[in-house]
Amino acid sequence: MRASEFLISLLRRATDDLGYAWPDKALAEPPKDKKFGDLAANCALVLAKETGQNPRALAEELATRLRAASEHIARVEVAGPGFLNVTFAPSYWQSAVLRVENAGEAYGASNIGEGRKAQVEFVSANPTGPLHIGHGRGAAVGDSLARIMRFAGYAVEAEYYINDAGKQMRTLGRSIWLRVLELSGKNALPFPEDCYQGDYIVAIAREMLAADQQLHLSTEEAGIDTCYAYGMRVIFEGIRNDLTDFNVHHDVWFSELSLLHKGAVEETLERLRRAGHAYEEDGALWFNTMAFGDDKNRVLRKSDGSLTYFASDIAYHANKYERGFTSITDVWGADHHGYIPRMRAAVAALGQPRESFDVVLVQLVNLLQEGEQIAMSTRAGAFETLADVIKEVGTDAARFMFLSRKSDSKLDFDLSLVRQRSMDNPVYYVQYAHARIKAVQRRAFERGLLPDGPGELALLTCEEELDLLRLLDRLPKVVEDAALNRSPHYISYYLMELAGLLHRYYAAHQVLGAENRELIAARLRLLRAVGQTLKNGLELLGVSAPDSM
RNA sequence: GCGCCAGUAGCUCAGUCGGAUAGAGCAAUUGCCUUCUAAGCAAUCGGUCGGGGGUUCGAUUCCUCCCUGGCGCGCCA
């Protein structure tokens, strides 16, 4: 059991003995200042507030009981307004190594998800052009979130929703078709503004013409259809390749068209109508989202008979619930935030609990070079696409950069910084810690010092070692928090801190140069546990843990 | 005009279901490589947590009013 859980279990017993119910808001966390001990518990403060008691007196009573409660408790002090500052015996922290060794690759995993079926949907970019850097951030966040939730005990499926129906797909076909005509010298008209401008459209047109030199002789209708089918396939292949290169995995690729073919959208509209949430007005079909807190009601079917995106999005989410997910997380670009109230309204109208649906907003990415903004124009400039960025800085550096910020805040992505090997670019700092450990292990092996030696963990008593042990102990809690708050960046910050402690330890103490073999063996065990923990954390971010750098 | 997000050290950012003297990296200054990887370590410097009120024993955190920036407010997709 990790330390904070252990402490809370002791405190629960103590409060029980005193005849109080355990306050759920009470926490046991490392204090800001180490001089306050290993963990600070605020339960006396919370309890005093609830019961109108003197917090310090209550804390004293709890402290007395706590001191007698376990041999692992070395010291308990009442401080400030009524904190319980608790210091554990080193033996407790040393046992963290055992917990890492026993769990191995699973260290940090937990079961707070209780096996609930959870879906994380992310990227879901329309297959009308290559992924750009903003999609990359959503991809990193969604993919990492799926990994983290899986590790925290959810049964996670990662999904990509393909908007393969609707007007923009026809626009794609038309864009390519017009380029085909242009390249064949048949059309001197200026290229329309509402068509896709990117160079990739021209490239696809050229490719198609090379394969079929008679293509431009088709009728417009057939030409557009051909171009659409071909273009979508090429672009979609490109998207899948980019995601693979970016170490991003989706379990399910869900087609909007398949929903329409099944009649699921009509069915959903009928369902809303029967439930009294949809009504006809001005020749259109409306959804009364205001009844669920939205600003205004929204159109489902326009007066010209065509469906809105919102209609198929509702059907899509209804479908998610039909597939048995009880936790649904959508990762959206922040420019879609205005969509949240109506989607929440839809979830409520479908009779699903509010907490079953989450949206993680990912803010736009500001692409810089040497501190200067690179214009994200429609022109296909250098480094605009995700593929270019990966090529330029690598998957590890790009993912770590995306995941080391709260997703809902703007991100300056400076190519020159992400390329740099400095603390401005912490991915190397963390990876280097792992590589250093591996280097020591290799050297130990060469010298015949087995990394698997028993090593008396009780010898790990210096301050740097205890700092590492205390932090190892916390990983499971960090993963839980990251999963519950849908915040992959918690993992990044944890890893930077752990890497920092490792580097400090490395500089302060010789592992292989320790006084005796027992101490060497104990330190090798500690290093191995730290290495495993770094690796597990990096895996959650989808970043590699290299053995050497 | 309305709504969402943000404003924390010179820069980039954590922290915010109320807690103790607000943290990290970078930058700046100064040390540390004949010893396990210097992509590293140590030390110094650096703050009215955008501003004003309020609630509280206690507010960067909660409420309220402003200021600044980004985004969004279609029978668009």
*For RNA chain B, whose closest nucleotide is more 5', that of A:Val511 or that of A:Asn126?*
A:Val511

*When the nearest nucleotide of RNA chain B is assigned to A:Val299 and to A:Ala40 on a heavy-atom basis, which residue is associated with the more 5' position?*
A:Ala40

[X] side chain near [N] phosphate (N/O to OP1/OP2, under 4.0 Å):
X	N	value
A:Arg298	B:rC75	no
A:Lys302	B:rC76	yes
A:Lys34	B:rG23	no
A:Arg436	B:rA38	yes
A:His503	B:rU37	no
A:Tyr429	B:rC41	yes
A:Tyr428	B:rA39	no
A:Arg523	B:rC36	no

Across the strands shown, which category fits [X] at heavy-atom distances under 4.0 angstrom: base, sugar-phosphate, nothing?
X	answer
A:Asn485	nothing
A:Leu502	nothing
A:Phe310	nothing
A:Lys406	base
A:Asp295	nothing
A:Asn163	nothing
A:Gln431	nothing
A:His434	nothing
A:Glu281	base
A:Ala508	nothing

For [Y], is there an ion pair with [X] - N to carboxylate O distance below 4.0 angstrom?
X	Y	result
A:Arg12	A:Glu5	no
A:Glu266	A:Arg273	no
A:Asp467	A:Lys34	yes

*A:Gln431 backbone acceptor or donor facing A:His434 side chain under 3.5 Å*: no

*Is the backbone N or O of A:Ala483 less than 3.5 Å from a side-chain atom of A:Arg486, with the two atoms forming a donor-acceptor pair by type?*
yes

_Side chain of A:Lys410, heavy atoms from C-beta onward: which of B:rG69, B:rC4, B:rA77 has the nearest atom to it?_
B:rG69

Is a donor-acceptor pair below 3.5 Å formed from side chain [X] to base [N], judging by atom type as modelled?
X	N	answer
A:Thr308	B:rC75	no
A:His336	B:rG72	no
A:Asn42	B:rA20	no

Between [N] atom [atom2] and [X] atom [atom1], what is the distance in whole Å?
X	N	atom1	atom2	result
A:Phe402	B:rU12	CZ	C1'	16 Å
A:Leu495	B:rG25	CG	C1'	15 Å
A:Asp414	B:rC11	CG	P	16 Å
A:Asn425	B:rC13	CG	P	14 Å

*Does A:Tyr506 lie flat on the base of B:rG40, that is, centres under 5.5 Å apart and planes under 30° off?*
no

_Is the base of B:rA14 stacked against the aromatic ring of A:Tyr493, taking ring centres under 5.5 Å apart and planes under 30° as the test?_
no

*Close aromatic pair by centroid cut-off 6.0 Å: A:Phe36 and A:Phe83*: no

For residues 513-520 of chain A, run the donor-acceptor check on the side chains, cut-off 3.5 Å, and write out each pair with its distance to 0.1 Å, sequence neighbours left out.
unit_1   : atom_1 : unit_2   : atom_2 : d
A:Asn516 : OD1    : A:Glu518 : N      : 3.2
A:Asn516 : OD1    : A:Leu519 : N      : 2.7

